[in-house]
Amino acid sequence: QVQLVESGGGLVQAGGSLRLSCAASGSIFSINAMGWYRQAPGKQRELVARIISGRTTYADSVKGRFTISRDNAKNAVDLEMNSLKPEDTGVYYCHALIVAMSTIARGDLEYWGQGTQVTVSS
């Protein structure tokens, strides 16, 4: 029942900006962490940014360019990407550690979005 629904992604020119959004839905007890990972063909999936209890963590490659934030109106997380570079191209996945109402005793479990393509052209 718990799922992550992503929006955004697309094609943008180098130097441009793009915003990704991810909303968690379902019977949720708590969300302990939300973040974004990305993966390019032939490369390992890497953590881009994560927010836990208001504190943010960024990959060195995106520091100063990307901003992650929680939407207080809903169980959502946004990733604002500025000064995009071709090397930012990849599939971006929303990730969250969520305690579902039906599995409180198990603690948090990880959930993944379906992924959204971000392509930065020269």
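Count residues from 1 along the sequence.
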To the nearest 0.5 Å, what is the distance between [atom1] on [X] and [atom2] on [Y]?
X	Y	atom1	atom2	answer
Glu46	Tyr37	CD	OH	10.5 Å
Leu18	Thr116	CG	OG1	8.0 Å
Leu47	Tyr58	CG	OH	11.0 Å
Leu20	Phe66	CG	CZ	8.5 Å
Thr103	Leu109	OG1	CG	5.0 Å

Q) So does Gln44 have more than 12 non-hydrogen atoms from other groups sitting under 6.0 Å from CD? A)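 Counting neighbours around CD of Gln44, 12 or fewer heavy atoms of other residues, nucleotides or ligands fall under 6.0 Å, so no.
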Residues Val118, Met81; criterion side chain to side chain contact (heavy atoms under 4.5 Å, CB included); working and verdict: CA-CA 10 Å; Val118 172; Met81 304 182 292; 4.1 Å; yes
Show the nearest heavy-atom pair for residues [X] and [Y], with the distance to one decimal.
X	Y	result
Lys43	Gln39	O-NE2, 3.2 Å
Gly90	Gln117	O-NE2, 3.5 Å
Ala14	Pro86	CB-CD, 4.2 Å
Gln1	Ser27	CG-N, 4.3 Å
Cys22	Trp36	CB-CZ2, 3.6 Å

Does Leu97 belong to the same Ile/Leu/Val/Met/Phe/Trp/Tyr cluster as Leu79, with side-chain heavy atoms less than 4.5 Å apart forming each link? no
So if you build clusters from Ile, Leu, Val, Met, Phe, Trp, Tyr with side-chain heavy-atom gaps below 4.5 Å, do Trp112 and Val91 land together? yes
Counterpart residues, side-chain contact (heavy atoms from CB on, under 4.5 Å), relative to [X] (two or more places apart):
X	value
Ile28	Val2, Ala24, Ile31, Asn75, Ile98
Ala23	Ala76
Ser25	Gln3
Gln114	Glu6

Who clusters with Met101? Use side-chain heavy atoms, under 4.5 angstrom, across I, L, V, M, F, W and Y, and order the result by chain and number.
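So far as hydrophobic clustering goes, Met101 is joined with Phe29, Val99, Ile104.
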Side chain to side chain contact (heavy atoms under 4.5 Å, CB included) with Val48: of Ile68, Val62, Thr57, only one passes, and it is Val62
Summary of salt bridge (charged side-chain N to carboxylate O under 4.0 Å, His left out) pairs that have at least one residue in [range], sequence neighbours excluded:
range	result
residues 20-37	none
residues 53-66	Asp60-Lys63, Arg65-Asp88
residues 102-111	none

Query raised in the report: Who are the side-chain hydrogen bond (donor to acceptor under 3.5 Å, both in side chains) partners of Ser61, not counting sequence neighbours?
Result: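 Applying side-chain hydrogen bond (donor to acceptor under 3.5 Å, both in side chains) to Ser61 gives Arg38.
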So the disulfide (SG to SG under 2.5 Å) pairs with at least one residue in residues 23-54 (sequence neighbours excluded) are none
If you look only at pairs with a residue in residues 11-23, which of them pass as a side-chain hydrogen bond (donor to acceptor under 3.5 Å, both in side chains), with sequence neighbours excluded?
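Every side-chain hydrogen bond (donor to acceptor under 3.5 Å, both in side chains) pair that includes a residue of residues 11-23, provided the two are not neighbours, is Ser17-Asn82, Arg19-Glu80, Ser21-Asp78.
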* Asked: Is the side chain of Thr89 donor-acceptor paired with the backbone N or O of Val120 at a distance under 3.5 Å, no angle test?
  -> yes
Ring pair (Phe, Tyr, Trp, His ring centres under 6.0 Å) filter on Tyr93, not counting sequence neighbours, yields none
